[in-house]
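First listed ligand is number 1; within each ligand, the first listed atom is number 1. Values below: every heavy atom of this structure, side chains too, minus hydrogens, waters and symmetry copies.
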Amino acid sequence: MMKNDIVLKAAKGENVDRVPIWLMRQAGRILPEYRATRARAKNFIEFVKNPELACEVTIQPVDILGVDAAIIFSDILVIPEAMGLPYEMIEAKGPWFEKTIKNKADIDALRIATGEDLNYVLQALRLTKKELNNRVPLIGFCGAPWTILAYMIEGSGSKTFSKAKQFLYTQPELAHLLFDKITKSSINYLKAQIEAGADMVQIFDSWAGILSEKQYYEFALKYINEIVNAIKPLAPITVFAKDAHYALKKISETGCSTIGLDWTVDPAKARVEAGKNVTLQGNTDPCLLYADEKTIAKETEIMLRAFGKQRYICNLGHGLYPDIDKEKVKFFVSFVKEFKF
Ligand code: CP3
């Protein structure tokens, strides 16, 4: 029996007696404890590939911040690597790929990843599940096919992802070929994560907002739909498509249990769009946590009342920024947990 399964309950649409909360990027540089563990690894990739260290930083926010779920410490870029495109994480700059996808031969050379290729993540999940000792649920994740394809073509982060978008406009058939391989890999990976102990999973479509609405349906949602269909019989699944506010109704029609919202979306409007049969998650602007406690409390209360207590999981509208004060994060988490409607 899980001691605190309030996040899972909310995801499944069961009644809860308070609002559950976890935070995207809750394991990270805001915690001195994270920085200390990270310093024990040679670099970010070695860190991600070390199940003991990954387990340690996955549990830190549960102990330190008091969140109601743990999210496995890893990265969405483990999928391109498992398919044959290794990456580096350059300090203060972000991801960088030596090889990128340019033509059909490049796509043909990619493998469809299996759980076996990502055994280090599965080991980290098994270990974390054991160490958590059923205190809170463990969340697994992957990147959405569009966000993954964007990195595989662009080769790094970008403000515009114009190379990736150019590929969609000029080589749509090849793009679909690549999307198909990424989707199959992601399904294998999420299934393996659930088998290894993930109680629920989330798809991160961080670059959704860079596509037009029409492109989003054709190149992004189509494949998210395939993933949700394969995974929903196995575990609750959340779709977080940043800045795709126009797509909430269509996302809810995939049958996902939860939709993650960024801060540009009004909670009441999101509820109308998404309907009653899905849980909403979000959507505090991480920058609110730079404000004083009074402001955090005031804005959070408005948000909580707008979402309501049921079918809701409190979170941010995107990940925590590294320079946010951990005491403010603790204040925010306690405020939500203690809030009485
Ligand atoms: O706590 C958690 O949320 C779990 C861990 C997690 C990480 N990355 C660890 C990480 C998760 C869920 C991710 C997902 C991820 N990775 C996304 C989707 C979510 C989002 O933020 O939009 C994306 C786009 C990536 C790719 C990525 N990884 C980038 C662009 C960067 C560099 C930017 C940065 O913050 O430095 C990373 C690195 C990364 N992944 C860090 C962490 C904790 C920071 C690296 C470090 O410790 O030096």
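Atom CG of L31 and atom NZ of K326 lie 6.5 Å apart (nearest 0.5 Å).
With ligand atoms numbered from 1 in the order given, ligand 1 contributes 1 (O), 43 (C) to contacts under 4.0 Å with heavy atoms of A27. Each of the following atoms of ligand 1 lies closer than 4.0 Å to a heavy atom of H318: 20 (C), 21 (O), 22 (O). Within the listing of ligand 1, atoms 1 (O), 2 (C), 3 (O), 4 (C) sit less than 4.0 angstrom from a heavy atom of I71. The distance from ligand 1 to the heavy atoms of F73 drops below 4.0 Å at these ligand atoms: 9 (C), 43 (C).
Residue R25 has at least one nitrogen or oxygen atom sitting less than 3.5 Å from a nitrogen or oxygen atom of ligand 1, judged on distance alone.
Checking Y87, F44, Y34 against atom 47 (O) of ligand 1, the nearest heavy atom belongs to Y34. The nearest non-hydrogen atom to atom 7 (C) of ligand 1, considering only S74, P95, S206, A92, comes from S74. Residue nearest to atom 48 (O) of ligand 1, selected from R29, R38, M24, Q26: R38 (by heavy-atom distance).
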* Asked: Can you check side-chain hydrogen bond (donor to acceptor under 3.5 Å, both in side chains) on N188 and S185, steps first, answer last?
  -> CA-CA 5 Å; N188 288 341; S185 301; 5.8 Å; no
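For the pair K242 and W263, the distance from NZ or CZ to the six-membered ring centre is under 6.0 Å and the angle to the ring normal is within 45 degrees. A cation-pi contact, defined as under 6.0 Å to the ring centre and within 45° of the axis, is absent between K328 and Y290.
D68 and K9 are not joined by a salt bridge, as no carboxylate oxygen comes within less than 4.0 angstrom of a charged side-chain nitrogen. Taking a cutoff of 4.0 Å between a charged side-chain nitrogen and a carboxylate oxygen, K298 and E293 do not qualify as a salt bridge. Checked for salt-bridge contact, K269 and E273 miss the test: no charged N lies under 4.0 Å from a carboxylate O. Between D199 and K129 there is a salt bridge, with a side-chain nitrogen of the basic residue lying less than 4.0 Å from a carboxylate oxygen of the acidic one. Salt-bridge formation is not detected for the pair K12/D5: no Lys NZ or Arg NE/NH1/NH2 atom is positioned less than 4.0 Å from an Asp or Glu carboxylate oxygen.
Counting only heavy atoms of the protein, atom 38 (C) of ligand 1 lies nearest to M89 CE, 3.4 Å. Ranking protein heavy atoms by distance to atom 14 (C) of ligand 1, first place goes to I76 CG2, 3.7 Å. Of the protein's non-hydrogen atoms, the one nearest atom 28 (N) of ligand 1 is D75 OD1, 2.7 Å. Scanning the protein heavy atoms around atom 11 (C) of ligand 1, the nearest turns out to be F141 CZ, 3.6 Å.
Heavy atoms of Y151 come nearer than 4.0 angstrom to ligand 1 in at least one pair.
Distances from atom 33 (C) of ligand 1 to the protein include no heavy-atom value under 4.0 Å.
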